[in-house]
Amino acid sequence: MRMSKLFFQTLREAPADADVRSHQLMLRAGLVRQVGAGIFEYLPLGLRVKKKIETIMREEMDAIDGQEIVMPVVQPASLWKRTGRWYEIGDDLARLTDRAGRELVLAMTHEEVITELAGGVINSYRQLPVMLYQIQTKFRDEPRPRGGLIRVREFTMKDGYSFHADIASLDEYYPLVYQAYFNIFGRAGLDVIAVESDTGMMGGTMAHEFMALTEVGEDTMLLCNQCGYKANRQVATFVKSSSESRAEEAALPLEEVSTPNVDTIAALADFLDIPESRTAKALFLVATIEEDGDVKEQFVFVVVRGDMELNETKLTNVLKARQLRPAQAEEIRAIGAEPGYGSPVGIRRDEVLLVVDDLIPNSPNLVAGANRDGWHLRNVNCGRDYKPDLTVDVVAAADGHPCPTCQAPLRAVRGVEVGNIFKLGTKYSQAMDASFLDEDGGSVPMVMGCYGIGSGRLIASAIEKNNDENGIIWPITIAPHQLYLVSLATRRTPEVTETAERVYSQLQEAGVEVLYDDRDERAGVKFNDADLLGTPLRLTIGARGVKNGVAELKLRNREEIRELPFDDIVNQIQAVVEAETAAVNAKVITEPLQ
RNA sequence: CGGGGAGUAGCGCAGCUCGGUAGCGCGCUUCGUUCGGGACGAAGAGGUCGGAGGUUCAAAUCCUCUCUCCCCGACCA
């Protein structure tokens, strides 16, 4: 490709509304443009990157017997009504009506359509297992898109769905996808870690997320350097060790204490001069729970120790709730509690589900609210002063907490979820009536798995990790071009132009992906653009070199400059491209799923 | 949805307090000189000042409403 013809523009300054590094660089390098909040267009260079990533995805999915298909973005609402998600999912699901008044949705994922498709085609266990995937547009009307391509509304996803005759077959296949994902990310030059994750409303029994570790990520993971434990904060556990427990301490009598204008844990601990761990935090939530087809709201009173944070995912799962929301002040008063001074002692238990974290029974003599404005209670003891309905782990693991397997301190890190894999089970196949006949002639719902990777997030994460003050530093496997050819020709040096043109066609013929800077620009402009675009190899042809029969090769990720003689240039470039590609591929992680 | 910030030329910004009909840098066009890390000179093109309404002789500037974008939080099957 000739730069003089390329549809793009580099920017010296990043647009003011981009403040995430990858977003700034993508805009400055002319890879993408923003159309609206969370809506982007890809320019030629950006699309080349996207296509390369998708080629890697295809190769790896095909290698585990995946078959590519394409499903529609616009789908009839009736499919979503059959699985119930039309009713369960809120405003994230974009809905529209066609000219005839038929309800449609913009696909945010494709379980409904693919399950119906598979159900229609697969009739016999002999056709199983099968893996279908597509690389397609998704639309999720996120309340707050952010960070360039990190969190968007319209995006491209590689989504795969596997269908199995039984759980054993899924259990056998799932680890293959797990490894294929490491292959994809590794080949794209991106380090990821796989963590256990919440299955959420997707249902199913096991799920993993593939996280690119970066500060701009929205998820928090807890890692153990000692034993290798790693989990998303949503599901991470930790040891509430004996040092945390004061179970042996004798219970003291209840005592009211005046605490005017002390309505936070921090203020309370400060006011009474006690550690936060000697306080009880009261949280008021309203859960939407479905029971026997009835949907009802349940007031939930949660008690956790003052130094801990509630993990809403854990609580949601414990309650099997569809949704959790904070309670309103009136609702809190209605059950006999006082916002800011809440305590489980003396509330209207008939309407309240009282959940305490399992550390609370081992934490005697806590300070809790007195359900009276400006007052707290000392020496509140679970079991003596109130009896919980549920005693379970509902707090979030945090940095420094002891690892659940080896008790070494956990480390909290941020990451971007670039992929996920789920064992779905039969949730969708049952709802969509996707069954087959087994060996005994019985009609059985298919067992499913589903597997996603976001193309844009992968690109953004790769840039986030590979850049310097001058621009992007692409892994060669996903770079828009492998080589940036700089011609330093001027009007007085036609021999430089001739040489550059010749080298350009030689490299192209040899299959090297060349971006040829034939623009009438000064050297500095070309070098700076080469750095900004992050092309892995840069080959410079100038008057000096032409005289000596050499071109200069510099790698974006290294300092040295090498001189290559023109008569062997194609071979040498090819060798470097191969070596760089091999270096990326050598870092692919092989990690058997435990 | 709550809190904060911003919309003026392709990008970055000034002008607004105190109304008088829009400016700077980069980029873009033409010519000349230059040419190995973002050149110089000269001449140009480009703006419904986010939108609507109002006040006024006069609105980028004051008032009201509204739209959009960004950040933090809530949310994220």
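Naming: A, B, ... by sequence-line order, numbering from 1 per chain.
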Q. Taking the same atom, P, in B:U21 and in B:C67, what whole-Å distance lies between them?
A. 33 Å
Exercise for review: Return no unless some side-chain N or O of A:Gln34 is found under 4.0 Å from OP1 or OP2 of B:C70.
Suggested key: yes
Just wondering, are more than 12 heavy atoms of other shown residues or ligands nearer than 6.0 Å to CG in A:Asp568? yes
Regarding the side chain of A:Ala37, the nearest nucleotide among B:C69, B:G36, B:A39 is B:C69
Regarding the side chain of A:Arg538, the nearest nucleotide among B:G38, B:C13, B:G37 is B:G37
Side-chain contact check for A:Asn528: nearest option of B:G36, B:C35, B:G37 is B:G37
Q) Looking only at N and O atoms, is any donor in the side chain of A:Asp17 or the base of B:G7 less than 3.5 Å from an acceptor on the other one? A) no
Against the side chain of A:Pro143, the closest entry in B:G37, B:A74, B:G27 is B:A74
Among B:G38, B:C72, B:C11, the one nearest any side-chain atom of A:Leu11 is B:C11
From the candidates B:C72, B:C35, B:G36, the one with an atom nearest any side-chain atom of A:Arg146 is B:C72
| Looking just at side-chain N and O atoms, do A:Tyr428 and A:Thr83 make a donor-acceptor pair shorter than 3.5 Å? | no
Between A:Glu552 and A:Glu521, whichever has its closest RNA chain B nucleotide further toward 5' is A:Glu521
Quick note, A:Arg33 side chain, CB onward, closest among B:G36, B:G10, B:C26 is B:G10
Pick the C1' atom in B:U66 and in B:C71, then give their distance to the nearest Å. 22 Å
query: Looking just at side-chain N and O atoms, do A:Thr493 and A:Glu495 make a donor-acceptor pair shorter than 3.5 Å?
result: no
Testing B:U34, B:C71, B:G27 for proximity to the side chain of A:Arg492, the answer is B:U34
Q | Any side-chain donor near an acceptor of the partner, A:Asn317 and A:Asp198, under 3.5 Å | A | yes
